[in-house]
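Remarks on the structure that follows.
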Amino acid sequence: MMYSSRRKPVLYFKEDRRNETPKVPRPEERNQFWSGKCTVYKLFGLCVVLVLVSLLWLQLSCTGDMGRVVVDDRRLQHQPCPLDRQASAADDPSWGPHKLALLIPFRERFEELLVFVPFMHTFLNNKKILHKIFVINQMDHYRFNRASLINVGYTESGNDTDYIAMHDVDLLPLNEALDYGFPEEGPFHVASPELHPLYHYKTYVGGILLLTKQHYHMCNGMSNRFWGWGREDDEFYRRLRTAGLQLFRPSGIKTGYKTFRHIHDPAWRKRDQKRVAAQKQEQFKVDPEGGLTNLQYKVESRQELTISGAPVTVLNIKLGCDTDKTPWCLLN
């Protein structure tokens with residue numbers, strides 16, 4: 001398959017101290033000072049000044065003049081006030097008419113999530129990408145199923161978003177030239193093999209993939225047969241070809257394998273790479289019928305949260321499994 005290039009429109013105040021010997025008031029003078037009527041007006045005026053200064057400081061802190069700075073071990077990233085940025089987007093046509101649903105398949109990787117959500121919220125705001133972040137949290141006792149969670153995210157993302165990003169929680173974009181815009185011409189693989197820090201084979205479409213909701217529906221979503229880690233992306237690559245969709249990847253990015261930061265620590269959190277029963281043979285087969293049409297799940301709860309000021313929707317999900325067809329959903 002040919003991979004086409006995606007076109008891009010390529011304070012501090014000095015105190016004036018004088019050499020004067022301070023005058024120490026006599027006890028009777030101090031009593032006169034605090035008891036005088038003029039003192040009440042002075043205290044009232046001082047309180048008014050302090051209130052005005054506090055209001056001015058709060059205003060500056062949310063306009064970006066005194067913005068919060070998030071310190072990363074790689075670089076400094078300015079964090080704007082999210083509410084102000086979202087409000088300005090409604091009146092600014094440069095943000096465009098499209099809205100992204102950022103889908104994060106998730107289970108028990110909270111330390112990565114705490115970094116990812118505020119980072120991506122700021123990154124997308126800086127690029128003027130209207131977006132909503134969804135964390136699809138798998139709560140059942142089956143093995144992790146990334147593809148099914150993405151199917152759930154697509155189904156539950158609502159009508160106010162018109163395209164999705166299938167996004168790993170441990171992959172952070174460091175190059176601001178990366179395009180997260182609406183992939184009208186076809187699926188856009190942001191984390192291409194030439195840029196991803198780990199996976200470099202030509203048919204790789206994992207990490208970060210953008211699709212319109214229409215194109216995702218044309219593929220019937222992803223296969224639900226992949227329990228455990230890996231292989232669901234390779235099967236989805238075949239679905240893209242079967243649906244006749246042209247795949248696009250970034251062009252003009254000069255940062256190579258340093259384009260992304262991979263924050264997963266394999267020594268700390270092991271991946272479930274076991275192949276159980278017939279899973280060894282089935283993992284290489286195409287699933288022609290499965291996907292959105294046979295997805296089984298239940299939304300246990302839906303929570304609207306903020307992480308370091310970044311809004312996020314958490315969907316707590318219990319997936320269903322047909323143990324006769326995919327007995328490897330259970331780890332013996």
For [X] against [Y], the heavy-atom pair lying closest together:
X      : Y      : answer
Arg143 : Gln138 : O-NE2, 2.9 Å
Phe188 : Asp179 : CE2-O, 3.1 Å
Tyr163 : Pro183 : CD1-CD, 3.4 Å
Leu100 : Ile164 : CD1-C, 3.5 Å
Gly291 : Arg239 : CA-NH1, 4.2 Å
Pro311 : Thr306 : CA-CG2, 4.1 Å

Distance, nearest 0.5 Å, that separates [atom1] of [X] from [atom2] of [Y]:
X      : Y      : atom1 : atom2 : answer
Phe248 : Glu184 : CZ    : CD    : 10.5 Å
Ile208 : Leu172 : CD1   : CG    : 8.5 Å
Leu210 : Ile129 : CG    : CD1   : 9.0 Å
Leu149 : Phe134 : CG    : CZ    : 14.0 Å
Met120 : Asn125 : CE    : CG    : 10.5 Å
Leu240 : Leu245 : CG    : CG    : 6.0 Å

Would [X] and [Y] count as having a side-chain donor-acceptor pair, cut-off 3.5 Å?
X      : Y      : answer
Glu289 : Asn294 : no
Thr161 : Lys213 : yes
Ser192 : Glu194 : yes

Go through the steps to decide whether Tyr154 and His217 satisfy the test side chain to side chain contact (heavy atoms under 4.5 Å, CB included), and finish with yes or no.
-> CA-CA 9 Å; Tyr154 163 85; His217 188 267; 3.4 Å; yes

Tell me if a side-chain donor or acceptor on [X] pairs with a main-chain N or O of [Y] at a distance below 3.5 Å.
X      : Y      : result
Trp328 : Gly228 : no
Asn175 : Ile253 : no
Lys128 : Gly96  : no

Compare all side-chain heavy atoms of [X] with those of [Y] and state whether any distance is below 4.5 angstrom.
X      : Y      : value
Leu195 : Leu178 : yes
His98  : Leu130 : no
Asn224 : Asn151 : yes
His167 : Phe116 : yes
Lys298 : Glu300 : yes
Val152 : Leu292 : no
Glu235 : Met222 : no
Val314 : Arg302 : no

Run the numbers on Lys258 and Leu174 for side chain to side chain contact (heavy atoms under 4.5 Å, CB included), then give the verdict.
-> CA-CA 8 Å; Lys258 295 182 179 180; Leu174 301 180; over 6 Å; no

List the steps, then state whether side-chain hydrogen bond (donor to acceptor under 3.5 Å, both in side chains) holds for Asn145 with Tyr297.
-> CA-CA 12 Å; Asn145 192 322; Tyr297 73 97; over 6 Å; no

Is the distance from the ring center of [X] to that of [Y] below 6.0 Å?
X      : Y      : answer
Tyr204 : His189 : yes
Phe144 : Trp227 : no
His200 : Tyr257 : yes

Phe236 and Tyr216 aromatic ring geometry - parallel, tilted or perpendicular at 30°/60° bounds = tilted

Aromatic plane relationship, His262 with His196 - under 30° parallel, 30 to 60° tilted, over 60° perpendicular | tilted

Evaluate the side chain to side chain contact (heavy atoms under 4.5 Å, CB included) criterion for residues Leu247 and Val205: first the C-alpha distance (whole Å), next the side-chain angles of each, then the deciding distance (0.1 Å), finally the verdict.
-> CA-CA 9 Å; Leu247 180 67; Val205 291; 3.8 Å; yes

Decide whether Leu103 and Met139 are clustered together by the hydrophobic rule: side chain heavy atoms of Ile, Leu, Val, Met, Phe, Trp, Tyr closer than 4.5 Å, transitively.
-> no

Atom CD of Glu304 with >12 non-hydrogen neighbours under 6.0 angstrom =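 Counting other residues, nucleotides and ligands, CD of Glu304 exceeds 12 neighbours.
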
Between Asp170 and Arg261, is there a salt bridge with N-O shorter than 4.0 Å?
-> no

Arg238 and Asp287 ion-paired at < 4.0 Å | no

Asp162 and Thr212: side chain to side chain contact (heavy atoms under 4.5 Å, CB included), yes or no, with the steps?
-> CA-CA 6 Å; Asp162 53 1; Thr212 68; over 6 Å; no

